[in-house]
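Working notes, beginning with the structure itself.
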Amino acid sequence: MLPALRQITPESKPVFVFIEDARENDLLGVGIFERSRGTIRLPLPHLRAYQCPHSYLAGLLIHRDWVKPVLASFFSFFCNPANHWYGIEFINRHADTVQASLTDEIASQFKVPWIGYSRKKRAVLIPKDSGPAYMEKYFSSRRKRVLRHRYRLLREAGEVRWHIVRGREIDLTCIDTFLRLEDMGWKAEEKTSLLLSRHDQFFREMIEGFARHGRAFFTELILDNKVIASTSHLMSGNAGFSFKLGWNVEFARMSPGILNVAEFIRNAPALFPDIEYIDSGAEEGSFMDNLWLGRHTLVSGFYATKKLSGTILNGLNALRGLRDRAFNLW
C-alpha cells in the first residue's frame with residue numbers, strides 16, 4: 001500500500017504536497033511548489049519547486065526509510081488523468097546522489113521522462129577524503145605558499161585560534177557575530193547581506209530550529225578572542241550544506257574567510273567522519289569552487305507527467321538546439 005499524498009493549494013500561495021502513512025498518520029515526505037499557468041519553457045499548467053532567495057537546491061524532503069514508496073506515491077498522484085498539472089519543474093536538483101537516482105528510477109517506472117534544460121557543477125567537500133593530506137595533494141605550491149604567508153601575517157597580529165560551534169552550543173552571540181561579519185564588505189555595498197535585506201529574523205529562527213536538533217554548526221576564526229571570520233552550515237540526513245559566510249574586512253589582506261575555510265578542510269575528517277558530503281552552495285568560479293574540489297552535478301528541468309507535455313518539451317528543446325547551432329554558424 002502506497003503512502004497517501006495530500007495536496008494543499010491555498011489561493012495565491014505555494015502548493016504544499018504532504019505524503020503520509022495513512023495508517024499511522026506520520027509525515028513521510030513534503031514538497032513545496034509554485035503554480036505556473038505556463039512559461040516559455042513549458043506553455044502548459046505545471047508546478048515549479050519553490051525557491052526562496054536563499055534556496056540553493058531543489059527537491060523533495062523524504063524520510064530516509066521511505067524514499068521509494070514516497071516517490072511512487074508522488075508520481076502516481078501526478079500521473080493520474082484527473083490531475084491537471086502537466087509537469088513538475090525542479091531548478092538545481094542533484095543529479096548524482098542516491099535520492100536523485102531513485103527519483104529517476106521511480107519516474108521511469110511511471111513512464112515519466114526527465115527533460116532537462118541546464119546542467120552545472122557544484123563544489124562539495126567529502127570529509128573522509130579531506131584533511132592535511134588532501135591539502136598537500138591538491139593545493140598547488142603557490143596556493144600553499146600564499147596560505148602560509150597569510151597565516152604568518154595573522155599570527156604576527158595576535159593569537160590565532162579556530163573552532164567549531166555545534167548544535168545547542170550555538171547562542172545569540174554566535175549568531176549576532178556571524179550576521180555582523182556577513183554584513184561587511186561588498187554585501188553591505190550591494191545591500192544583499194542578511195541584515196540589510198531584512199532576512200536576519202528568518203536566519204535566526206532557522207538556525208535556532210536546526211540547532212535544537214543538532215543540525216547546525218558554525219566555524220569561527222579568532223584573533224585575540226575576536227571572531228574575524230565565520231561560516232554557517234546546516235545538516236540533513238548524512239549531508240551538510242554551507243549557507244553563508246562572512247569576515248572582517250579590516251583584515252582583508254590576511255584573507256580570514258579563506259583561512260577559515262582552509263581550517264575546516266584540515267579538520268573535517270575528525271569532525272564529521274559519518275557525513276557523506278558537504279554542499280558548498282557556491283557558484284562555479286567562486287573561491288570555494290577552487291578550494292573544495294569534489295563535484296556534484298546540478299540539473300534543472302521537468303518531469304513531464306503527461307504525454308503532451310513531454311512532446312512539447314522535447315520539441316522546444318529541439319528548436320533551441322537548432323537556434324543555438326544556427327547562431328554559432330552565423
Side-chain angles (χ1 to χ4, degrees), residues 1-9 14-22 27-51 55-122 236-237 239 296-321:
M1 179 180 178
L2 292 179
L5 188 147
R6 179 163 52 95
Q7 176 178 306
I8 300 177
T9 56
V15 173
F16 292 83
V17 173
F18 298 94
I19 302 170
E20 302 166 315
D21 184 339
L27 183 62
L28 306 178
V30 64
I32 307 175
F33 300 87
E34 296 177 291
R35 302 179 188 84
S36 174
R37 293 183 178 179
T39 64
I40 293 175
R41 295 193 184 279
L42 178 57
L44 292 169
H46 60 272
L47 294 178
R48 180 175 57 244
Y50 176 75
Q51 290 188 303
S55 298
Y56 308 120
L57 201 62
L60 298 170
L61 291 175
I62 304 176
H63 191 291
R64 70 179 68 185
D65 298 329
W66 287 83
V67 176
K68 283 190 174 182
V70 164
L71 289 170
S73 180
F74 180 81
F75 285 110
S76 175
F77 177 86
F78 284 105
C79 290
N80 189 313
N83 194 295
H84 67 284
W85 304 114
Y86 283 82
I88 308 161
E89 182 178 14
F90 291 95
I91 299 173
N92 292 338
R93 78 172 182 93
H94 275 145
D96 45 15
T97 60
V98 173
Q99 182 169 313
S101 298
L102 289 174
T103 303
D104 289 338
E105 176 189 324
I106 301 299
S108 68
Q109 293 174 11
F110 285 86
K111 295 181 169 55
V112 174
W114 169 260
I115 301 173
Y117 55 77
S118 79
R119 297 174 70 89
K120 63 181 180 180
K121 298 291 186 180
R122 165 119 11 114
S236 177
H296 276 176
T297 301
L298 301 185
V299 293
S300 298
F302 295 85
Y303 282 109
T305 52
K306 300 285 188 291
K307 187 175 181 179
L308 176 60
S309 55
T311 301
I312 289 175
L313 284 164
N314 280 321
L316 289 173
N317 276 351
L319 287 172
R320 291 189 189 98

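Ile312 and Pro43 make their closest contact through CG2-CD, 3.9 Å (heavy atoms, listed as atom of the first residue, atom of the second, distance). Residues Ala304 and Ile115 approach most closely at CB-CD1, 4.2 Å, considering heavy atoms. Nearest heavy-atom pair across Ala100 and Ala95 is CB-C, 3.8 Å. Of all the heavy atoms in Gln51 and Glu34, the pair that sits closest is N-OE1, 4.5 Å.
Of the possible polar contacts, one joining the Thr103 side chain to the Gln99 backbone as a donor-acceptor pair under 3.5 Å is found. Judged by distance alone, the side chain of Arg122 and the main-chain N or O of Tyr56 form a donor-acceptor pair under 3.5 Å. In this structure, Glu89 contributes its side chain and Leu47 its backbone to no donor-acceptor pair below 3.5 Å. In this structure, the side chain of Lys306 engages the main chain of Trp85 through a donor-acceptor pair within 3.5 Å. Between the side chain of Ser300 and the backbone N or O of Asn92 there is at least one donor-acceptor pair closer than 3.5 Å. Listed for the Ser55 side chain is no donor-acceptor partner under 3.5 Å among the backbone atoms of Leu57.
Of the inter-residue distances, the one linking Thr305 atom OG1 with Asn83 atom CG reads 7.0 Å to the nearest 0.5 angstrom. His46 contributes atom NE2, which lies 10.5 Å from atom CD1 of Ile88 (distance to the nearest 0.5 angstrom). Once rounded to the nearest 0.5 Å, the distance linking CG of Leu28 with OG of Ser73 reads 9.0 Å. Atom CG of Asn314 is separated from atom OG of Ser309 by 9.5 Å, given to the nearest 0.5 angstrom.
Taking the six-membered ring for Trp, Phe78 and Tyr303 have ring centres at least 6.0 Å apart.
Contacts of His94 classified as ring pair (Phe, Tyr, Trp, His ring centres under 6.0 Å), with partners at least two apart in sequence or in another chain: Tyr277, His296. With sequence neighbours excluded, no residue satisfies ring pair (Phe, Tyr, Trp, His ring centres under 6.0 Å) with Tyr86.
Between Asp104 and Arg93, at least one side-chain N (NZ, or NE/NH1/NH2) sits under 4.0 Å from a carboxylate O, which counts as a salt bridge.
Counting heavy atoms from C-beta outward, Phe302 and Arg41 have side chains that approach closer than 4.5 Å. Residues Cys79 and Val112 form a side-chain contact, since some pair of their non-hydrogen atoms from C-beta on lies under 4.5 Å apart. Proximity of Trp114 to Val299: side-chain heavy atoms (C-beta onward) are separated by under 4.5 Å at one or more points. Side-chain contact between Leu71 and Ile62: present, with at least one pair of heavy atoms (C-beta onward) separated by less than 4.5 Å. In this structure the side chain of Phe110 reaches within 4.5 angstrom of the side chain of Ser76, judged on heavy atoms. Inter-residue side-chain proximity for Arg48 and Phe90 is flagged as unmet; no heavy-atom pair is nearer than 4.5 Å. With contacts defined as side-chain heavy-atom distances shorter than 4.5 Å, the pair Leu60/Val30 does not qualify. Using a 4.5 Å cut-off on side-chain heavy atoms (C-beta onward), Leu42 and Tyr117 make no contact.
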Checklist entry - For His63 and Val70, what are the C-alpha separation, side-chain angles and deciding distance, and is it a side chain to side chain contact (heavy atoms under 4.5 Å, CB included)? => result CA-CA 9 Å; His63 191 291; Val70 164; over 6 Å; no

